[in-house]
Structure formats: C-alpha cells, structure tokens
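See below for the structure under consideration.
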Amino acid sequence: MNVGAHVSVSGGVEKAISRQTDIGGSCGQIFAGSPRTWSVGEYTEDEASDFKDARSESGQSPYVIHSTYLVNLATPKDDLWGKSKNCLQKELDAAATLGVEYVVFHPGAHTGSGRDNGVERIIEAVHDLEIPTDVTLLFENTAGKGTTLGKEFTELQRMNDETDDEDTAVCIDTCHAHAAGHDLADSDEFTEMVEELDSTVGIENVPVLHLNDSKDPLGSEKDNHEHIGGGEIGDEGFRNVVNHPELEDKPMVLETPVDDKGYSDNLEHLLSLVE
Ligand SMILES: [Zn+2]
Ligand SMILES: [Zn+2]
C-alpha cells in the first residue's frame, strides 16, 4: 500500500516531508499557495532543492499539488477563465520546480452556459496551458453540486480524451463518488463503479486516488469530508477500495478533517482494513 495525506507547507515547503513522515505517509499532497486565494508560491532554487532532498531521503512518492478552489476552467466569463488558466499555469510551473509529479484540480462549474459548453471550455483552457514535462494534470471527479462538471465519469473521459495531446489523467475522490451516488459500501455496486470507470476513463488513466469518508448521505452531491470509516461510506466501503485488485496499488491520499483525530489515526485505521 502507498498511502499518505494532504499536509501543510507552513514554515517552508520542505516541512511537508517531515510532517508526512511523522504521520506515516509514503506519498502526499500539498497546496502551492493559499487554496482560497489566487496567490501561488514561487519557489526559489534553494527551497526547491530542500524539498527535493528531503523527499528523496524519505522515499515519499508520488506528490500532488492540489489547485486552489477558485479555479474554474468551465466558466463562460472571460475574466475568470483567464485568471483560472493563469493560476493553474503557475501551479503547474511550481510542480515542475519542486519535482512534483501531479497537479489536481476540480474541472469547474458552467454556471448556466450548459454542460457541453462547460466541458468544451475546459478542454480549450487545457489546450492553452503549457503542461511541463514530467508533470501530469489531473481532472478530479466532483460531488456534482449545482452546475459543477465532472460528477459523471463520461464527462471526465471526454475532458481527458480530448486533451490527450497534453499530459492529463484523472483523480478519483471516494467522498465525491459517494456524493455522486456510487454506493462504495455495497460490493456489487462498487465493482460496477470500477468497471464503469474502466470502460470510460480507463483505470490506467487514474494514477492517484483521494480517500475521504463523507459526512453526507449517498447521492447528496455535497462535499464534506469525514474521517475514514467514521462517515456514510464507512469501513465496508473503504475495505472494498483498499482490497480491490485494480486499485490497491494506486497511491492514495487522505484529505480527512484536520482536528483532534489526526492523519496518523486515519492511516492506521485504513491499513487495518487491508485483507
Ligand atoms: Zn479536490
Ligand atoms: Zn472533497
């Protein structure tokens, strides 16, 4: 198993690595800036080499940068669309500087222009980006609230296929899949979900998973993460995920709530479900 968590970069990006070591993670995720603003960190060569050195010493791999929540490549508004592309480009460049393998982002919301137009807008934006060599841009599945895109695997498939000349792939979040109506705790339904994922996106195009339980009921379209096993997906759901032959070897990153129950408890609990 290769599991880790989304860790803080406060005090310096290289601090993420020791935090990951402390919780027992072997892969991980960070923000390259502040997730609710447009500011993206620009790392000096020194900062980057400190991060890379700490990482190679720890053996943690792969790493992911999670894009800010403001990015919306599906928007019909030109100013927001431009800002979003700019921001994502900076995050991709930060990944290249830090030697981070993936940048993941939420595809966005069409806010009334229609799903087709929204998907086309995303595809056009990704074509405008310059994805650095050795960095892969990941479309994340979403809970599906409002006009957000990427709830359906077929939508993710279209985004990924039509940007095939760029370096793109897909990240699947368990909380979002549950919110979108996939019952992970029912082994037949879960098997069907993985088969659907494989026949659309292709399981080989999913290099990273986000593992989060959900505070909300199945199909709620709400995105509220809960501790592993403590939410509506529950132990049965995560047992299905970590023991699935097509998924068990994929890097899994936790984004569980940051409160009294730490990541290490969550990782330990997750590992206890491996059969
Ligand atoms: Zn996400
Ligand atoms: Zn989420």
Side-chain angles (χ1 to χ4, degrees), residues 3-9 16 25 27-37 40 62-74 84 87-88 91-92 94-95 100-109 122 126 135-153 155-156 159-160 168-182 184 193 197 201 206-234 237-238 241 250-259 263 266 270:
V3 291
H6 181 111
V7 286
S8 162
V9 294
C27 60
Q29 182 174 276
I30 54 173
F31 289 124
S34 152
R36 293 175 204 283
T37 73
V40 177
Y63 257 80
V64 183
I65 286 177
H66 197 299
S67 179
T68 80
Y69 297 122
L70 300 178
V71 162
N72 184 1
L73 296 188
S84 297
C87 182
L88 202 46
E91 290 168 327
L92 288 162
V100 163
E101 289 86 348
Y102 302 103
V103 173
V104 67
F105 79 108
H106 299 181
I122 293 164
V126 173
V135 180
T136 301
L137 181 64
L138 305 178
F139 301 98
E140 181 170 350
N141 70 316
T142 58
K145 195 178 182 201
T147 65
T148 56
L149 299 164
K151 169 185 170 176
E152 304 294 340
F153 294 159
E155 268 170 4
L156 296 167
M159 292 171 206
N160 191 41
T168 61
V170 168
C171 169
I172 297 294
D173 182 306
T174 54
C175 169
H176 305 172
H178 165 89
H182 298 285
L184 283 71
M193 182 192 103
L197 184 63
V201 168
V206 182
V208 179
L209 302 174
H210 282 168
L211 258 59
N212 303 302
D213 210 328
S214 168
K215 289 191 198 295
D216 300 292
L218 182 67
S220 65
E221 296 191 335
K222 287 192 181 137
D223 183 8
N224 293 307
H225 298 183
E226 184 52 283
H227 296 295
I228 300 294
E232 298 277 330
I233 296 176
F238 288 99
V241 175
K250 304 225 183 245
M252 299 178 185
V253 177
L254 272 61
E255 303 165 315
T256 47
V258 178
D259 56 26
Y263 280 133
N266 274 281
L270 186 68

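Position 1 is the first residue of the sequence, and the numbers go up from there. Note that ligands are numbered from 1 as they come in the structure, with each ligand's atoms numbered from 1 the same way.
The Zn ion (ligand 2) has no N, O or S atom of Cys175 under 2.8 Å away, backbone or side chain. At least one N, O or S atom of His176, from either the backbone or the side chain, sits less than 2.8 Å from the Zn ion (ligand 2).
The NE2 atom of His66 and the NE2 atom of His106 subtend an angle of 100° at the Zn ion (ligand 1), given to the nearest 10 degrees.
Here the options are Glu140, Glu91, His106, the test is side-chain hydrogen bond (donor to acceptor under 3.5 Å, both in side chains), and the partner is Ser67; only Glu91 passes.
With sequence neighbours excluded, the residues forming a side-chain hydrogen bond (donor to acceptor under 3.5 Å, both in side chains) with Glu221 are Lys151, listed by chain and number. In this view, Glu226 and Lys215 satisfy the salt bridge (charged side-chain N to carboxylate O under 4.0 Å, His left out) rule, not counting sequence neighbours.
Between the Zn ion (ligand 2) and the N, O or S atoms of Asp223, the shortest distance is to OD1. Glu140 contributes atom OE1 as its closest N/O/S atom to the Zn ion (ligand 1).
Using a 4.5 Å cut-off on side-chain heavy atoms (C-beta onward), Leu209 and Pro251 make no contact.
With hydrogens and angles disregarded, a donor-acceptor distance shorter than 3.5 Å links the side chain of Thr142 to the backbone of Leu149.
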